[in-house]
Novice: 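To start, I am sharing the structure in question, which I have written as structure tokens.
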2 protein chains.
Amino acid sequence: MSIDSVHMNVMLKTEAIARLVDVFRQYGYDGTSMAKIAEATGLGKSSLYHHFPGGKEEMATAVLDYLSQCLNTGLLAPLQQSGEPLDRLRAMNRNIDQYYNHGQKACLLAMLAMGESSDRFRTQVSHILNSWIEAIAEVLIEADFEPELARQRAEDAIIQIQGAIILTQGLSTTAPFKRILNHLPETLLQPVIPSGLL
Amino acid sequence: MSIDSVHMNVMLKTEAIARLVDVFRQYGYDGTSMAKIAEATGLGKSSLYHHFPGGKEEMATAVLDYLSQCLNTGLLAPLQQSGEPLDRLRAMNRNIDQYYNHGQKACLLAMLAMGESSDRFRTQVSHILNSWIEAIAEVLIEADFEPELARQRAEDAIIQIQGAIILTQGLSTTAPFKRILNHLPETLLQPVIPSGLL
DNA sequence: GTCTATATTTTGATAGAC
DNA sequence: GTCTATCAAAATATAGAC
């Protein structure tokens with residue numbers, strides 16, 4: 001086996017996984033059938049079982065691994081670069097807006113975190129969510145927030161994004177998602193109001 | 001057919017629907033099989049098709065109708081009673097905390113709003129969400145907020161609740177849900193900060 | 001590595017007895 | 001109204017040729 005063929009295989013498998021992200025997040029774990037997977041990847045069922053002997057569950061696991069990498073290299077990269085915290089949060093926002101298509105596309109994490117399939121992917125989902133939260137919290141800590149408050153606000157950011165996606169899909173309008181996302185950077189960096197002002 | 005038997009049938013069918021709420025919200029639409037439905041209701045498949053000729057889809061529709069009634073009579077009732085806005089929002093909160101079991105139980109609306117099944121239930125889901133939002137907005141309007149801001153904050157409430165459920169399940173801890181729910185009434189009624197203060 | 005063909009199980013749904 | 005028995009279709013998964 002030549003080095004080239006190894007690279008080719010890796011590329012093709014990664015390409016297949018990349019396409020599976022959209023399948024799983026559109027149909028959910030239970031709604032994703034081998035037939036849909038075969039169609040999306042252009043591979044026959046036997047080829048798929050060759051690459052993923054564990055079947056659908058192994059594919060979903062691979063998809064989560066792939067998403068974890070995408071999150072680190074794509075979504076969270078701008079958070080860890082130099083620059084103003086506000087600018088870095090806005091850069092993340094642009095990536096989020098694109099990934100979720102203004103809230104019209106579902107979140108893979110949410111799809112796999114709910115339902116009976118959640119047990120199998122709990123560890124992976126939890127790990128990815130924590131990476132995301134911690135990356136945001138880091139920025140807030142650099143902006144001089146206490147670590148506990150930074151973590152809390154970072155969690156709030158994920159909560160608002162996830163909730164906005166649900167409301168956007170439930171109401172069939174992208175307005176809530178756009179509004180939430182627009183306000184997110186400033187909300188996260190909003191100074192704590194001294195209690196004496198209330 | 002006697003009047004009694006009619007009442008008995010209605011009761012039994014409602015009882016069956018009530019049990020189906022938990023099935024659909026636990027497994028989602030695709031993950032809910034007739035076998036699971038039969039087990040949850042204690043009825044055979046043929047009996048189920050007798051009551052719901054449209055099969056699974058008609059059951060989900062009935063479940064959403066039932067939830068809509070529950071929302072009006074149970075969840076939103078305290079919002080429309082007399083009393084301080086803060087107390088009314090807190091009463092709703094107690095119902096929410098119970099219904100979602102501190103965020104550990106999924107939201108039926110979210111389960112049916114996402115995935116490929118969403119198309120079939122879009123109208124119903126949208127209607128229920130709007131009822132909920134408008135009921136909260138009414139309270140905020142009574143608390144002297146402008147209608148537009150009241151609607152926005154009511155949407156924010158749903159967003160935070162839905163997002164908190166996802167994070168709670170994704171991180172396997174009820175902490176985010178409890179925190180969000182605790183702060184919700186005060187957050188909703190928080191006075192607008194005059195821009196001169198910033 | 002990919003394919004065709006097939007096996008096995010599960011699914012949604014129906015027929016017909018009681 | 002509920003049941004048993006059954007159906008056709010779709011699901012997951014495998015065997016084996018190339």
Side-chain angles (χ1 to χ4, degrees), chain A residues 1-20 23-24 26-64 111-112 115-121, chain B residues 1-20 23-24 26-64 111-112 115-121:
Chain A
M1 186 188 280
S2 71
I3 291 181
D4 270 13
S5 75
V6 169
H7 286 175
M8 188 56 135
N9 295 342
V10 170
M11 195 206 77
L12 286 176
K13 184 163 179 178
T14 302
E15 169 68 18
I17 293 172
R19 297 189 186 190
L20 291 187
V23 179
F24 277 110
Q26 180 175 1
Y27 300 109
Y29 185 76
D30 291 316
T32 297
S33 63
M34 293 300 297
K36 284 199 180 83
I37 292 174
E39 192 202 348
T41 58
L43 293 172
K45 295 180 187 179
S46 296
S47 303
L48 290 167
Y49 277 101
H50 172 77
H51 292 289
F52 308 95
K56 210 167 78 163
E57 183 162 341
E58 186 175 338
M59 295 182 210
T61 299
V63 160
L64 280 172
M111 295 298 279
L112 295 181
E116 76 171 328
S117 64
S118 62
D119 290 341
R120 324 184 198 190
F121 312 116
Chain B
M1 185 187 283
S2 72
I3 291 181
D4 270 12
S5 75
V6 169
H7 286 176
M8 188 56 136
N9 294 341
V10 169
M11 195 206 78
L12 286 175
K13 184 164 179 178
T14 302
E15 168 68 18
I17 294 172
R19 297 189 186 190
L20 290 187
V23 179
F24 276 111
Q26 180 175 359
Y27 300 111
Y29 185 75
D30 290 317
T32 297
S33 63
M34 293 301 298
K36 285 199 179 82
I37 292 174
E39 192 202 348
T41 58
L43 294 172
K45 294 181 187 179
S46 295
S47 301
L48 290 166
Y49 277 101
H50 172 77
H51 291 291
F52 308 95
K56 210 167 78 161
E57 183 162 342
E58 185 175 339
M59 295 183 210
T61 299
V63 159
L64 279 173
M111 295 298 279
L112 295 182
E116 76 171 328
S117 62
S118 62
D119 290 341
R120 322 184 200 190
F121 311 116

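A quick note: this is a predicted structure, and the numbers were derived from the prediction, not measured. Order of the sequence lines fixes the chain letters, A, B, ..., with proteins taken first and strands second; residue numbering starts at 1 for each chain.
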Novice: So does A:Tyr49 get a side-chain nitrogen or oxygen closer than 4.0 Å to the phosphate oxygens (OP1/OP2) of D:dA13?
Specialist: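 Affirmative; the distance criterion is met.
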Novice: Just N and O in the side chain of A:His50: are any of them under 4.0 Å from OP1 or OP2 of D:dT14?
Specialist: no
Novice: Over all strands shown, is A:Lys45 touching base, sugar-phosphate only, or nothing at heavy-atom distances under 4.0 angstrom?
Specialist: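 Base contact.
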Novice: Nearest-Å distance, CD (B:Glu58) to P (C:dG12)?
Specialist: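 After rounding, the reported distance stands at 15 Å.
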Novice: B:Ser47 side chain N/O closer than 4.0 Å to the phosphate oxygens (OP1, OP2) of D:dG1?
Specialist: no
Novice: Let me know the distance between CZ of A:Arg120 and P of D:dT12, rounded to the nearest Å.
Specialist: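 After rounding, the reported distance stands at 11 Å.
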Novice: For the residue pair B:Leu48 and B:Met34, what are the closest heavy atoms and their distance?
Specialist: CD1-CE, 4.1 Å
Novice: Can you find an N or O donor on one side and an acceptor on the other, under 3.5 Å apart, linking the side chain of B:Ser46 with the base of D:dC3?
Specialist: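 For B:Ser46, whose side chain was compared with the base of D:dC3, there is a donor-acceptor pair (under 3.5 Å).
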Novice: Rounded to the nearest angstrom, tell me the gap between atom CE in A:Met59 and atom C1' in D:dT12.
Specialist: 10 Å
Novice: Measure from NZ on B:Lys36 to P on C:dT10 and round the result to the nearest Å.
Specialist: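 Nearest whole value for this atom pair: 11 Å.
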Novice: Would A:Glu57 and A:Phe52 count as a side chain to side chain contact (heavy atoms under 4.5 Å, CB included) here? Give the steps.
Specialist: CA-CA 9 Å; A:Glu57 183 162 341; A:Phe52 308 95; over 6 Å; no
Novice: NZ of B:Lys13 versus C1' of D:dG1: gap in Å, rounded?
Specialist: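 These atoms are roughly 12 Å apart.
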Novice: Starting at CG of A:Leu43 and ending at P of D:dA13, how long is that distance when rounded to a whole Å?
Specialist: 17 Å
Novice: Heavy atoms under 4.0 Å, any strand shown: does B:Thr32 hit a base, just sugar-phosphate, or nothing?
Specialist: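 Sugar-phosphate contact only - B:Thr32 comes under 4.0 Å of backbone atoms but never of a base.
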Novice: Nearest nucleotide by nearest heavy atom, which residue falls closer to the 5' end of DNA chain D, B:Leu48 or A:Met34?
Specialist: B:Leu48
Novice: Grab the NE2-C1' distance between B:His51 and C:dA13 for me, whole Å please.
Specialist: 16 Å
Novice: Are any side-chain N or O atoms of A:Lys56 and backbone N or O atoms of A:Thr32, one a donor and one an acceptor, separated by less than 3.5 Å?
Specialist: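 A pair under 3.5 Å: yes.
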Novice: Within this structure, what is the CD-to-P distance between A:Glu15 and C:dT2, rounded to whole angstrom?
Specialist: 13 Å
Novice: Are any side-chain N or O atoms of B:Tyr29 and backbone N or O atoms of B:Glu116, one a donor and one an acceptor, separated by less than 3.5 Å?
Specialist: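 Side chain of B:Tyr29 to backbone of B:Glu116, a donor-acceptor pair under 3.5 Å: no, none is there.
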Novice: Before giving the answer on side chain to side chain contact (heavy atoms under 4.5 Å, CB included), spell out for B:Ile37 and B:Phe24 the whole-Å C-alpha distance, their side-chain angles and the decisive distance to 0.1 Å.
Specialist: CA-CA 9 Å; B:Ile37 292 174; B:Phe24 276 111; 4.3 Å; yes
